[in-house]
Amino acid sequence: MKSENPFDNALAQLASITDIVSIDPEYYEILKNPRRQVVVSLPLKLSNGEAVTFTGYRVQHNNARGPYKGGIRYHQNVSLDEVKALSMWMTWKGAVIDIPFGGAKGGVTVDPFKLGMDDLERLTRKYVSTIERDIGPEIDIPAPDLNTNPQTMAWIMNEYSKMHGHNVPACVTGKPIELGGSEGRNAATGRGVAICVREAVKKYLHKDVKDITVAVQGFGNVGSNTVMSLMEMGAKIVAVSDVFGGAKPIGKKYFEQSFDSLQTSALKAGSVSKIPNVQQISNEELLETETDVLVPAALENQITEENASKLRARMVVEAANGPTTSIAGKMLERGGITLIPDILANSGGVLVSYFEWVQNLSRDHWTEEQVNQRLEEKMMHAFNEVVSLAEKENIDQRRAALVLAVRRVVAAMKLSGWH
Ligand code: GLU
């Protein structure tokens with residue numbers, strides 16, 4: 001599959017709105033480049049005695065609206081350009097969902113599945129102690145992303161807190177509940193995606209969520225929670241996949257079991273594609289499934305110029321960050337496929353991260369009901385703002401979301417006198 005540099009994709013997206021928002025050249029110049037890029041060497045002696053040096057990144061794109069915010073990913077393909085793109089998308093995401101955060105992203109180039117828990121913990125602590133001056137509750141607040149989870153966040157909090165001589169729960173979000181994590185954070189991104197699917201099919205396909213079919217690529221935190229929330233809403237899941245392959249129900253149109261039993265069988269079998277009595281399908285087949293909605297919830301660059309014309313979905317809702325290349329995006333638009341962009345669709349995660357940070361700073365703990373209700377309200381508000389702007393300016397939803405975000409970020413930069 002031909003891939004695109006994600007940072008070029010992010011820049012092309014920014015360039016695509018300059019005919020609608022006239023951004024002063026000096027601000028455009030600032031927005032094109034992250035403010036800070038931290039690249040660190042992380043030498044580690046592994047438990048097997050081997051000495052390896054990993055590379056870690058933290059890229060801080062913009063903090064005009066508040067402290068930098070964004071996840072940390074562990075993956076063998078993490079590169080500076082990928083983290084730069086993801087940091088820019090975080091700036092837009094925080095602005096679209098309208099929380100007082102800027103955008104950042106971090107990562108370590110490592111295949112975490114090749115390391116044991118002890119080594120992963122030591123790598124995480126090394127990364128935190130090395131970038132300790134660059135992060136903090138008022139500076140830059142990390143969170144989970146690809147292959148990192150509440151346990152990783154617990155190590156981050158503990159390492160940071162040790163260096164500061166007291167517990168600092170607000171230095172990271174997505175923590176385990178026992179350590180000050182928020183109720184509902186784990187499921188938040190998927191829940192937000194499902195809300196966008198529900199609203200988008202109502203608006204653009206004139207269908208109730210109970211009457212739609214959905215194919216979901218990816219069964220990590222975001223993919224699996226999207227499936228769960230959509231099943232709860234009554235949507236029909238016709239295909240799912242994970243890194244090992246995809247699955248379709250045999251002899252039925254959609255998965256009829258509950259989400260819990262689907263997840264349990266996937267865990268038992270080691271992959272959704274190995275669940276007994278499913279038809280195994282390839283990643284390509286999943287993307288080309290005939291369905292109302294396709295939800296890419298895995299990595300960047302999944303919908304490309306090679307496969308965009310083969311899609312048989314009526315709508316794409318981007319749960320992953322940057323899953324559609326810029327050329328593929330144009331092809332979908334020409335083909336009449338509605339696309340709900342990542343910076344809106346997956347913003348539920350960072351939104352509940354914000355709720356977690358607020359709870360930590362105010363020493364409070366909200367109920368899951370409170371969290372979910374506020375998530376619903378904020379997602380609905382952002383969704384409606386993007387939809388109205390798209391209508392008003394007669395542009396697609398990706399550009400509308402970006403216009404909304406960039407206007408907000410530039411306004412903050414201007415008011416505070418950034419030159
Ligand atoms: N990694 C998630 C994202 O890409 C969440 C970021 C956060 O909660 O700060 O949106």
Side-chain angles (χ1 to χ4, degrees), residues 146-147 149-150 183-202 205 207-299 302 311-320 323 340 345-346 348-349 368-369 372 375-376:
L146 187 65
N147 299 334
N149 55 34
E183 304 289 341
R185 172 63 185 86
N186 227 12
T189 314
R191 195 173 258 274
V193 172
I195 293 172
C196 281
V197 169
R198 185 192 68 204
E199 294 307 308
V201 296
K202 202 192 301 169
L205 304 184
K207 275 189 156 186
D208 189 276
V209 66
K210 291 192 175 64
D211 302 322
I212 60 160
T213 54
V214 188
V216 180
Q217 182 205 34
F219 210 69
N221 174 283
V222 179
S224 59
N225 281 298
T226 300
V227 171
M228 181 177 74
S229 295
L230 283 170
M231 278 182 160
E232 274 171 17
M233 291 176 181
K236 315 286 184 253
I237 307 296
V238 290
V240 290
S241 75
D242 58 26
V243 273
F244 304 107
K248 255 182 175 176
I250 290 181
K252 299 185 196 88
K253 290 210 168 81
Y254 54 88
F255 290 104
E256 282 174 359
Q257 64 262 57
S258 69
F259 173 76
D260 284 349
S261 70
L262 186 69
Q263 194 180 38
T264 311
S265 345
L267 278 174
K268 234 194 242 162
S271 161
V272 285
S273 60
K274 299 204 182 89
I275 298 176
N277 302 323
V278 299
Q279 184 191 334
Q280 291 194 4
I281 56 170
S282 65
N283 187 43
E284 287 73 39
E285 285 171 305
L286 180 124
L287 293 173
E288 293 162 20
T289 303
E290 186 169 352
T291 177
D292 290 314
V293 183
L294 171 67
V295 179
L299 289 167
Q302 298 302 301
L311 257 53
R312 287 188 296 155
R314 298 173 66 195
M315 177 182 286
V316 172
V317 178
E318 295 184 324
I340 305 299
N346 72 30
E368 191 176 352
E369 228 176 23
N372 287 344
L375 166 77
E376 169 84 29

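When reading the values below, keep in mind they use all heavy atoms of this one structure, side chains included, and skip hydrogens, waters and symmetry mates.
In terms of the side-chain hydrogen bond (donor to acceptor under 3.5 Å, both in side chains) criterion, Asn372 has no residue partners (sequence neighbours excluded). The side chain to side chain contact (heavy atoms under 4.5 Å, CB included) search around Asn149 returns Gln151, Thr152, not counting sequence neighbours. For Thr291, the side-chain hydrogen bond (donor to acceptor under 3.5 Å, both in side chains) partners at least two apart in sequence or on another chain are Thr213.
When every heavy atom of Gly190 is checked against every heavy atom of Thr226, the shortest pair comes out as CA-OG1, 3.3 Å. Considering every non-hydrogen atom in both Ala298 and Gly218, the closest pair reads CB-CA, 4.3 Å. For the residue pair Gly348 and Ala188, the shortest heavy atom distance occurs at O-CB, 3.5 Å. For Gly223 against Ala297, the heavy-atom pair with the smallest separation is CA-CB, 3.7 Å. In terms of heavy atoms, Ala200 sits closest to Met315 at O-CE, 3.4 Å.
Listed by first and then second residue, the salt bridge (Lys or Arg N to Asp or Glu O under 4.0 Å) pairs that reach into residues 285-297 are Lys207-Asp292, Glu290-Arg312, Asp292-Arg314, sequence neighbours excluded. Pairs of residues two or more places apart, or lying in two chains, that qualify as salt bridge (Lys or Arg N to Asp or Glu O under 4.0 Å) and include a residue from residues 184-201 are Arg198-Glu376, Glu199-Lys202.
Here the side chains of Val197 and Leu230 are in contact, with some heavy-atom distance below 4.5 Å. Side-chain contact between Thr289 and Leu294: absent, with no pair of heavy atoms (C-beta onward) separated by less than 4.5 Å. The shortest side-chain heavy-atom distance between Val293 and Val316 does not fall under the 4.5 Å cut-off. In this structure, the side chains of Val214 and Ile212 come closer than 4.5 Å at one or more pairs of heavy atoms. Within the 4.5 Å cutoff, the side chain of Gln217 has heavy atoms near those of the Leu287 side chain.
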Exercise for review: Please assess Asn225 against Val227 for the test side chain to side chain contact (heavy atoms under 4.5 Å, CB included), listing each intermediate value before the final yes or no.
Suggested key: CA-CA 5 Å; Asn225 281 298; Val227 171; over 6 Å; no
Check your understanding: Taking it one step at a time, do Met233 and Lys210 satisfy side chain to side chain contact (heavy atoms under 4.5 Å, CB included)?
Key -> CA-CA 7 Å; Met233 291 176 181; Lys210 291 192 175 64; over 6 Å; no
Practice item. Let me see the working for Val317 and Val193 under side chain to side chain contact (heavy atoms under 4.5 Å, CB included), right down to the final yes or no. Key: CA-CA 7 Å; Val317 178; Val193 172; 4.1 Å; yes
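Between Leu286 atom CG and Ser241 atom OG the span is 4.5 Å, to the nearest 0.5 Å. For the atom pair NZ of Lys236 and CZ of Phe255, the computed distance is 14.0 Å after rounding to the nearest 0.5 Å. Rounding to the nearest 0.5 Å gives a distance of 10.0 Å between OH of Tyr254 and CE of Met231. Ser258 OG to Gln263 CD: the interatomic distance, rounded to the nearest 0.5 Å, is 10.0 Å.
Between the side chains of Asn186 and Asn221, at least one donor N or O sits under 3.5 Å from an acceptor N or O. Using modelled atom types and a 3.5 Å distance limit, the side chains of Asn346 and Glu318 yield no donor-acceptor pair.
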Show me the donor-acceptor pairs, under 3.5 Å and distance only, between side chains in residues 267-281 and residues at least two apart or in other chains.
| residue | atom | partner | partner atom | Å |
| --- | --- | --- | --- | --- |
| Ser271 | OG | Asp242 | OD1 | 3.1 |
| Ser271 | OG | Asp242 | OD2 | 3.1 |
| Ser271 | OG | Ser273 | N | 3.0 |
| Ser271 | OG | Ser273 | OG | 2.7 |
| Gln280 | NE2 | Ser273 | O | 3.1 |

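Phe259 CZ: more than 12 foreign heavy atoms inside a 6.0 Å radius.
Checking side-chain atoms of Ser261 against main-chain N and O of Gln257 turns up no donor-acceptor pair under 3.5 Å.
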